[in-house]
2 protein chains.
Amino acid sequence: MMEHDIFRALADPTRRTIFEKLAAGSMNASALRQGMDISQPAMSQHLAVLRAAGLVREQKEGRFVNYEVDPDGLALIAEWLAKYRAYWPARIDALRLLLKDMDQ
Amino acid sequence: MMEHDIFRALADPTRRTIFEKLAAGSMNASALRQGMDISQPAMSQHLAVLRAAGLVREQKEGRFVNYEVDPDGLALIAEWLAKYRAYWPARIDALRLLLKDMDQ
DNA sequence: ATAACACATAAGCACAGACTTATGTGATTC
DNA sequence: GAATCACATAAGTCTGTGCTTATGTGTTAT
C-alpha cells in the first residue's frame, strides 16, 4: 500500500532531512550529500525509498540525476490527514490561513 | 523530537489500524483487540508508542483505560505538512473544501 | 481475603532495515 | 579509448523494533 510506503519513508530522520533539502530546491544526489556525512550508496538507497513512496521524483540529466519533491506524496499525506478532520484542534487554524493564502 | 515519534509511530501498519479504530470512537485496550488477532501485551506496547507520540491519550476509568485520539498529534502532522505547501498539488483542493466545511 | 480481571512491564527472540565495502552501468572528458 | 565521474546495485553486518511468554500492579467481584 502506498500509504505505508509514505509513513515508512518518513520514519527515518535522514530521509526527512533529504526531503527537506529537496523542498528548498531541486538537487542531484551529490549536492544533497553536502554537509550530511552520509556515504554515496546510503544516499542512493534513501532516494530510492523516497522515490518508491512517491515523495520524490527524478529527472535524468546526462550522468546526473536531478531530484525534486513529488507533490503526489504530499497529497497522500493530506488525504490521510483529512480522514481525521473530526479531531483537528483549533490550532489547525494556521493551516486554514495558509490555504486561504493559496487562493490569491 | 516529537516529529520523529509521530512518523515512527505511524510507520507500523498495526498502529495505524489501532489509530483508525480509535478515530471511529474511544475504546479501551480490550475492545481494540476485537477482531485484530493481536496479543494483550502487543496491544499495550503499541498504545504506549502511540501515546508517546501524542497521537493518542488515555483516561483511566477504574481498572479500564479508555483511549482516544489526541488532536495534538494530528496538529503536528498538519504543521509538518504546511511547511511544504509550495508543493501541494491541485488535488489538495479537497482539503480546502473540508476546511471550508469546518467554518459552519 | 481471595479470585478474576484489565492492563503494564520485563526479558528474550527473530526479522526488518540502515549502514558498510565492493562492484556494476552509463555518461562525459581528455 | 581510457580514465573519470555520477549514480545504482549487491552482499554482508549490526542495530532497532515488534513479537512472544512470563510476571507485576492495581481494581472489581464474590
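Regarding Gln40(B), its CD atom lies at a distance of 11 Å from the C1' atom of dT23(D), rounded to whole Å. At whole-Å resolution of the value, CD in Glu58(B) and P in dA6(C) are 17 Å apart. What separates CE of Met43(A) from C1' of dA6(D) is a distance of 13 Å, to the nearest Å. Regarding Leu47(A), its CG atom lies at a distance of 14 Å from the C1' atom of dA18(C), rounded to whole Å. Rounded to an integer number of Å, the gap from Gln34(B) CD to dC7(C) P is 11 Å. Rounded to whole angstrom, the span from the CE atom of Met27(A) across to the C1' atom of dA6(D) amounts to 16 Å. When the C1' atom of dT28(C) is taken as reference, atom CZ of Phe64(A) falls 9 Å away, rounded to whole Å.
Aromatic ring orientation, Phe7(A) versus Phe7(B): tilted (interplanar angle from 30° to 60°).
Within the 4.0 angstrom heavy-atom criterion, only backbone atoms of the sugar-phosphate kind lie near Arg51(A); the bases stay farther away. Among the heavy atoms of the strands lying under 4.0 Å from Ser30(A) are primed sugar atoms or P, OP1, OP2 only; no base atom is included.
Annotation: of the two residues near DNA chain C, Ala11(A) and Val65(B), the 5′-most nearest-nucleotide partner is Val65(B).
Here the CD atom belonging to Glu58(A) is positioned 10.5 Å from the CD atom belonging to Glu68(A), to the nearest 0.5 angstrom.
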I'd like a table of atom pairs between the protein and nucleotides 25-30 of chain D - only N or O on both sides, under 3.5 Å - with the distance next to each one.
{"unit_1": "dT27(D)", "atom_1": "O3'", "unit_2": "Arg63(B)", "atom_2": "N", "d": "3.4"}

Could you go through nucleotides 11-20 of chain D and list every protein N or O atom that sits under 3.5 Å from one of its N or O atoms, giving the distance for each pair?
{"unit_1": "dT17(D)", "atom_1": "OP1", "unit_2": "Arg8(B)", "atom_2": "NH1", "d": "3.4"}
{"unit_1": "dG18(D)", "atom_1": "OP2", "unit_2": "Arg15(B)", "atom_2": "NH1", "d": "2.9"}
{"unit_1": "dG18(D)", "atom_1": "OP2", "unit_2": "Arg15(B)", "atom_2": "NH2", "d": "2.9"}
{"unit_1": "dC19(D)", "atom_1": "OP2", "unit_2": "His46(B)", "atom_2": "NE2", "d": "2.2"}
{"unit_1": "dT20(D)", "atom_1": "OP2", "unit_2": "Ser39(B)", "atom_2": "OG", "d": "2.8"}
{"unit_1": "dT20(D)", "atom_1": "O4", "unit_2": "Gln45(B)", "atom_2": "NE2", "d": "3.1"}

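By the criterion of side-chain heavy atoms lying less than 4.5 angstrom apart, applied directly or through intervening Ile, Leu, Val, Met, Phe, Trp or Tyr residues, Val65(A) is grouped together with Ile38(A) in one hydrophobic cluster. Note on Val49(B) and Val56(B): separate hydrophobic clusters, where clusters join Ile, Leu, Val, Met, Phe, Trp and Tyr whose side-chain heavy atoms are under 4.5 Å apart, directly or indirectly.
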